[in-house]
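Counting starts at 1 for both ligands and their atoms, in listed order. Just so we're clear, the structure is a prediction, and the values are computed from it rather than from any experiment.
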Amino acid sequence: SSDDINKVENYTNKKYAEPNAEYFGKAEGKNIIKIHLESFQSFLIDYKLHGEEVTPFLNSLVHDESKNFTYFDNFFHQTGQGKTADAEFLMDNSLYGLPQGAAFVTKGTNTYQSMPAILDQKQNYTSAIFHGDDKSFWNRNQVYKYMGVDKFYDSSYYDMSEDKVINYGLKDKPFFKQSMPMLKDLDKQNGPFYAHMLTLTHHYNFKLDKGDASIAPANTDDGTVNRYFQTARYLDESLKQFFHDLKEKGLYKDSVIMIYGDHQGISQNHNQAMSKITGEEITPLKNANLQRVPYMIRIPGVDSQGINHEYTGQVDVMPTMLHLLGINANDYIQFGTDMFSEEHREFVPFRNGDFMTDDYSYVQNTFFDNVTGEPIEEPTEDMKEMRNQVHFELSLNDEVLNGDLLRFYEPTEDWKPINPNQYQYGKPDD
Ligand code: GP9
Ligand code: MN
């Protein structure tokens with residue numbers, strides 16, 4: 001009911017972080033290119049295998065100041081069983097997924113006030129999602145309509161010949177290549193675009209055609225872990241090619257470019273091999289720390305911060321982006337806070353109720369000191385309050401999703417509820 005949504009609004013209002021004036025509105029009206037790094041964990045950044053960098057191109061975005069990227073090295077994924085779908089959901093709604101299943105599937109016809117629709121209504125953006133898999137996977141062809149996604153270029157738009165496909169779908173190199181004409185078309189529309197590129201090749205079980213491998217596998221006893229580095233390298237090369245093509249087509253210079261990892265690629269079933277890779281035993285705390293995924297952003301005309309160490313998560317991305325565009329995030333129900341704000345809330349809930357802060361971590365019912373890695377025998381009242389707040393926040397989130405509570409919420413006077421019937425995906429001759 002509307003009482004329930006008022007309770008949620010009171011909470012998100014209190015949590016809200018005021019924008020940083022140095023960033024507010026600085027990206028208004030610019031094209032946004034959002035690049036999804038499938039299964040990419042941050043430990044790959046700067047990691048050397050056989051004395052070689054695994055991801056030299058991404059590393060250069062982190063370290064080469066002239067490329068003007070800010071890299072958040074304490075950014076975490078917050079996904080649950082919905083994996084990729086949860087990451088998409090978190091970043092375009094600033095809501096968490098569900099404790100079980102995927103909100104994309106089980107809450108695919110809820111009322112949402114999502115990023116694509118807000119950008120369209122406020123600044124005439126056209127949103128598009130690019131993905132070389134069937135449109136029905138993760139119920140995308142339904143839920144995208146409820147999120148106001150204008151265009152969905154699924155596998156029916158791509159040349160899916162056998163030599164171009166592996167594992168779940170189109171390989172990343174032909175994917176980016178073939179996406180260029182579609183991106184160019186978007187650029188011809190009135191108004192800017194919000195383009196989301198979903199890669200796929202660096203996915204469990206990390207299969208790669210021989211000719212696509214340019215680094216030798218790792219040499220643990222675990223083939224999955226060994227191959228993980230090869231598909232990561234392939235993804236890195238596909239990005240290098242994509243950046244080159246964006247520049248050539250004049251789409252690079254004035255676009256916001258955002259890069260993120262969706263979730264872990266190496267699960268706890270591979271702890272033994274991972275301890276060989278990291279040189280440390282994979283304790284529950286270490287595993288929580290391995291849930292870091294990259295977040296990088298380049299904002300044309302704004303100097304990068306180099307490496308930003310703030311503790312942040314996927315739920316924080318949408319309010320950050322809205323503020324960059326000059327849109328007040330506090331008009332919407334959002335659980336995250338602006339990552340560039342002085343008031344950004346530095347705690348990162350995981351879907352299971354564990355969480356990380358800049359100072360301590362809470363993992364499997366135990367508080368740990370971040371510096372020593374030792375359990376904290378007597379947690380302070382503040383720590384216990386933090387734990388309660390995380391649990392409260394997640395329970396409010398679940399009330400929103402289970403009760404479809406955004407039905408009762410009007411963000412602004414001029415807000416027009418998303419009409420799912422207005423969207424149609426798939427090639428017209430399908
Ligand atoms: C499938 C792709 C993979 O289309 O997005 O999803 P995941 O298995 O990573 O959730
Ligand atoms: Mn995924």
Check each heavy atom of L200 against ligand 1 and say whether those closer than 4.0 Å belong to the side chain, the backbone, both or neither.
side chain
Can you list the atoms of ligand 1 that are under 4.0 Å from a heavy atom of E38?
9 (O)
Distance check below 2.8 Å: does T84 bring an N, O or S atom to the Mn ion (ligand 2)?
yes
Report yes or no: does S114 contribute a side-chain atom to a donor-acceptor pair with the main-chain N or O of P116 at less than 3.5 Å?
no
For the pair F355 and F367, name the ring-plane relationship: parallel under 30°, tilted 30 to 60°, perpendicular over 60°.
perpendicular
Here the N/O/S atom of D262 closest to the Mn ion (ligand 2) would be OD2
is_close_aromatic(Y260, H36), centroid dist under 6.0 Å
yes
The protein heavy atom nearest to atom 8 (O) of ligand 1 is H203 NE2, 2.7 Å
Do the rings of F89 and Y112 sit parallel, tilted or perpendicular, given the 30° and 60° boundaries?
perpendicular
Is D92 salt-bridged to K34, going by a charged N under 4.0 Å from an acidic O?
yes
For ligand 1, which atoms, with element, lie under 4.0 Å from some heavy atom of H263?
9 (O)
Determine the sole option in K247, R298, K30 for which the salt bridge (Lys or Arg N to Asp or Glu O under 4.0 Å) test with D254 is passed.
K30
What part of E88, side chain from CB on, backbone N/CA/C/O, both or neither, has a heavy atom under 4.0 Å from ligand 1?
neither
Taking the six-membered ring of Y234 as reference, does the NZ or CZ atom of K171 fall below 6.0 Å from its centre and within a 45° cone about the axis?
no
Students should be able to answer this: which protein heavy-atom is nearest to atom 5 (O) of ligand 1, and at what distance?
R140 NH2, 2.9 Å
Would you mind running through ligand 1 and noting each atom that sits below 4.0 Å from a heavy atom of D133?
1 (C), 4 (O)
Carboxylate-amine/guanidinium contact K177 D245, below 4.0 Å:
yes
Could you please compute the angle at the Mn ion (ligand 2) from NE2 of H263 to OE2 of E38, rounded to 10°?
100°
For ligand 1 and K83, I'd like to know whether there is a polar contact (N/O to N/O, distance under 3.5 Å).
no
Check W138 against ligand 1 and report side chain, backbone, both or neither, counting heavy atoms closer than 4.0 Å.
side chain
Identify, by atom number and element, the atoms of ligand 1 in contact range of H131, meaning under 4.0 Å from any of its heavy atoms.
1 (C), 2 (C), 4 (O), 5 (O)
Measure the distance from atom 6 (O) of ligand 1 to every protein heavy atom, then report the residue, atom name and distance (to 0.1 Å) of the closest one.
T84 OG1, 3.0 Å
Parallel under 30°, tilted from 30 to 60°, perpendicular over 60°: which one fits the rings of Y23 and F340?
parallel
